There are 2 protein chains.
Amino acid sequence: METKIRKRRPAFDREEGVAIAKGLFHERGYDAVGVADLCDALGIVAPSLYAAYGSKAELFNRAMKRYVETDFLPLDDILTPDSRPEEALTKLFVRATEQYTRHDKWKGCMVTEGMRADDETARNMAAELAKGGSEIIANYIREHGAKDPERVTDYVLMTLRGLSSYACLGYTTERLTHCAEMAGRALEDDFRTLAA
Amino acid sequence: METKIRKRRPAFDREEGVAIAKGLFHERGYDAVGVADLCDALGIVAPSLYAAYGSKAELFNRAMKRYVETDFLPLDDILTPDSRPEEALTKLFVRATEQYTRHDKWKGCMVTEGMRADDETARNMAAELAKGGSEIIANYIREHGAKDPERVTDYVLMTLRGLSSYACLGYTTERLTHCAEMAGRALEDDFRTLAA
DNA sequence: ACATCTATTTAGCGGTCGCTATATATTTTT
DNA sequence: AAAAATATATAGCGACCGCTAAATAGATGT
């Protein structure tokens, strides 16, 4: 009876694992990425993944958080107080479009699309994370003289959803940018002119 | 040894089966509805389903076709030649919104959302079916004096996607209708005024 | 050197997925 | 009445799903 000798990989980098998972989840969506896919991509086996992250959903959550930190639009830079709100929000549409269509994989907004996952846990995680960005936009609109802040906010968020969804279908940056600019024109009469 | 006698349901109504499947698929999406769910809802067992429809995907296709026939917007009524194109398209947004938010289940556009399924076959079927509606809208825009028909068409379809997606999240008819009306305002300068 | 602890390994759990081979019940045709 | 065609039933296929118990290799602390 020969003794069985088992080799072992060194411990893997958890943060890098999150980054790789972010790529997979963003590319294919929560439901379409299996634990086996994640394990292959990270070069580990399932129990290592569960020891490190707890569950597929928690890994997805960490991946989304990383996405928000590293890939997300710098809302504070875009929604600057020195340009008219209509212009700033149009700029938001255009910048979002550019980001949603920049890469061949990684299309659309990972969080926005995550809110449409089949898995309820993943959906709730995405919705929770999306609240942050939505509130920044809602606050900006409220504080910059929108005549009906709630409606304008709904319109802006709805448009961002449309842009993200359209980006996922593979539309080019150019075509989608025109959509973004057109969408901005709807905002023209929605803000009080703040006299300087 | 007693002879085993097996009872049998009478043959089921294929068309009614398609209608029931339409309800399930629209409510939960292609990927989230399993063959077992369909069988339970139709009151049959799997081999009957396959004998009648061939595959889950083909049943989905028939369900979508039924949706287009029975539930879809009457584009010809909405895009009438007797109102200004901006008004007709705004009406399209509003009518779409009403339809997308009318029922608690069955939210959004079944075909539009089908295009985002994880299953490639289902996605392609939905995309193929969506072409019909898209072309009607594109033709209308082209033939009614749009300055840049392709861009306006992109904008309209993108907005419909946003409305459908937002409807799926559960937003009320009222809030979404305001979005639809705002979206229509972006179209104001995009059509040449056709002198009477 | 030894014990402890952490992260990996093998192996496999129960469940669901879409789907089907085969047999039998019922209807239709002859 | 018998034969052929049709639609149901039982039973179960192989593949994948997310996840885990138990064992062991390697790092760390004393």
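In this text, all values refer to a predicted model and were calculated from it rather than measured experimentally. Just so we're on the same page: letters track the sequence lines, and every chain starts at 1.
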### Task
May I have the distance from A:L49 (atom CG) to D:dG18 (atom C1'), rounded to whole angstrom?
10 Å

#### Entry: A:D40 CG - D:dG18 P separation (whole Å)
12 Å

### Query
Within a strict 4.5 Å, meaning less than it, do heavy atoms of the A:Y53 and A:V18 side chains meet?
yes

### Task
Would you kindly give the CG-to-C1' distance between A:D118 and D:dG18, to the nearest whole Å?
15 Å

#### Entry: Nucleotide D:dT20, atom C1' - distance to CD of A:E58 in whole Å
15 Å

### Message
Using 0.5 Å steps for rounding, measure from the CD atom of B:E58 to the OH atom of B:Y50.
### Response
10.5 Å

Pairs: protein N or O with nucleotides 17-19 of chain C N or O, under 3.5 Å:
residue, atom, partner, partner atom, Å
C:dG18, OP1, B:K56, NZ, 2.7
C:dG18, OP2, B:V35, N, 2.9
C:dC19, OP2, B:Y50, OH, 2.8
C:dC19, OP2, B:K56, N, 3.1
C:dC19, O5', B:Y50, OH, 3.3

### Message
How many whole angstroms separate atom CG of A:L38 from atom P of D:dC19?
### Response
11 Å

### Query
Using 30° and 60° as the class limits, which term best fits the ring planes of B:Y140 and B:H144: parallel, tilted or perpendicular?
parallel

### Query
Could B:K56 and B:Y30 be counted as a cation-pi pair, given that NZ or CZ must be under 6.0 Å from the ring centre and within 45° of the axis?
yes

### Between P of C:dT16 and CG of B:D119, the distance in whole Å
20 Å

### Query
Between B:R14 and D:dT8, does any side-chain N or O lie under 4.0 Å from OP1 or OP2?
yes

### Query
Could you state the CZ-C1' distance from A:R8 to C:dT8, rounded to the nearest angstrom?
4 Å

### Message
Nearest 0.5 angstrom please: A:H26 NE2 to A:M110 CE, how far?
### Response
7.0 Å

### Task
Round to a whole Å and report the spacing from CZ of A:F12 to P of D:dA25.
20 Å

### Task
Report yes or no: is the cationic atom of B:R14 (NZ for Lys, CZ for Arg) closer than 6.0 Å to the six-membered ring centre of B:F12, at no more than 45° off its axis?
yes

